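Take a look at the structure set out below.
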Amino acid sequence: MAEILQLLASPVHRFEGRPADGPAPAPPGELVDELQIRAGLGIVGDRYFGKSAHREASVTVIAAESLPPGADLTHVRRNILLSGVAVDELVGHTLTLDSGAGPVRLAVHRPANPCAWMDVTIGPGARRHLRGRGGVRCTPLDDGVLRVGPVTVTIDGPTHTRGA
C-alpha cells in the first residue's frame, strides 16, 4: 500500500553557500500535514510557487525506499516523501495521487538529482547513495489537496516528454 509519509512547503531557500557551513534554520511550519496544490503553479506557500523558471519542477517527489538506511526523514528536501511507489521510473508519465480529497495529477518531467547538501541534511554518503534515485520534478495538472497518510496511486503514460 502506498503512503505519503511527509509533506514539505518551504517558504525560503535554506541551502546557500557551502554545505560544510550548514543550512539556515528551518522556518516554522515547513513540514505540514496538508499541501494545497495549484495546477501549473505548484504548492501554495512554497518558495517556487508561481515562478515561471520552476514550472516544470514546482513539485518534487521522492520514494522513501530510495533513501539510505537510517536517513533523517525530516531533512529529505523533497515536497512529497512517498512510500510504495518507484517514482524514479516515472519520468514522462503522469502520477496521480489521491489522499482522500480528490485526485491530483503530476506530470513527471525529469529526475531531481541529489546535491552535496544531501550529505549534510540526510547523512554522510547520501548524495552518492541517491544518484539515479533522488526523486522526480513535476508540474501539477490539477488544483487539489494532498495529506499525510494512505494514498491511492495511479500511473498513466508515457503521455508527455521533456520539452513537449
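The structure presented is a predicted model; accordingly, all values stated were derived computationally and were not measured.
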Identify the two heavy atoms, one from [X] and one from [Y], that lie closest to each other, and give their separation to 0.1 Å.
X      : Y      : answer
Arg110 : Ala57  : NH2-CB, 3.4 Å
Met1   : Pro150 : CE-CB, 4.2 Å
Glu34  : Val145 : CG-CG1, 3.3 Å
Leu8   : Glu30  : CD1-CG, 3.1 Å
Thr139 : Glu56  : OG1-CA, 3.0 Å
Pro140 : Ser58  : CD-OG, 3.3 Å

| Lys/Arg-Asp/Glu bridge criterion (N-O < 4.0 Å) met for Glu89, Arg133 |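 Between Arg133 and Glu89 there is no salt bridge, as every charged N stays at least 4.0 Å from the carboxylate O atoms.
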
| task | May I ask you to check whether over 12 heavy atoms, not counting those of Asp142, lie within 6.0 Å of atom CG? | result | yes

Could you state the interatomic distance from [atom1] ([X]) to [atom2] ([Y]), rounded to the nearest 0.5 Å?
X      : Y      : atom1 : atom2 : result
Leu146 : Asp33  : CG    : CG    : 12.5 Å
Leu35  : Arg147 : CG    : CZ    : 11.0 Å
Leu81  : Gln6   : CG    : CD    : 5.5 Å
His54  : Leu41  : NE2   : CG    : 13.5 Å

Is [X] linked to [Y] within one hydrophobic cluster, defined over Ile, Leu, Val, Met, Phe, Trp and Tyr using a side-chain heavy-atom separation of less than 4.5 Å?
X      : Y      : value
Val32  : Leu97  : yes
Val85  : Val148 : yes
Phe49  : Val104 : no
Val59  : Leu7   : yes
Ile155 : Val61  : yes

| query | Who pairs with Ala39 by side chain to side chain contact (heavy atoms under 4.5 Å, CB included), at least two apart in sequence or on another chain? | reply |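 Checked Ala39 against side chain to side chain contact (heavy atoms under 4.5 Å, CB included); matches are Asp143.
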
| Considering residues at least two apart in sequence or located in another chain, which fulfil the side chain to side chain donor-acceptor pair (under 3.5 Å) criterion with Ser99? |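 With sequence neighbours excluded, Ser99 shows a side chain to side chain donor-acceptor pair (under 3.5 Å) to no residue whatsoever.
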
| message | Applying the side chain to side chain contact (heavy atoms under 4.5 Å, CB included) criterion to Val136, which one of Ile62, Leu106, Ile80, Val87 satisfies it? | response |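 When Ile62, Leu106, Ile80, Val87 are each tested with Val136, the side chain to side chain contact (heavy atoms under 4.5 Å, CB included) holds only for Val87.
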
| said: Which residue in the set Val153, Thr154, Asp156 passes side chain to side chain contact (heavy atoms under 4.5 Å, CB included) when paired with Leu95? | reply: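 It is Val153, the one option of Val153, Thr154, Asp156 that forms the side chain to side chain contact (heavy atoms under 4.5 Å, CB included) with Leu95.
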
| task | Any pair with a residue in residues 59-68 that passes side chain to side chain donor-acceptor pair (under 3.5 Å), sequence neighbours left out, goes on the list, sorted by first then second residue, please. | result | Thr60-Asn79, Glu65-Ser83, Ser66-Asp88

| Would you say the side chain of Leu82 lies within less than 4.5 Å of the side chain of Glu3, judging by non-hydrogen atoms? | no

| query | Side-chain donor-acceptor pair under 3.5 Å between Ser10 and Arg47, yes or no? | reply |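 Arg47 and Ser10 do have a side-chain donor-acceptor pair below 3.5 Å.
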
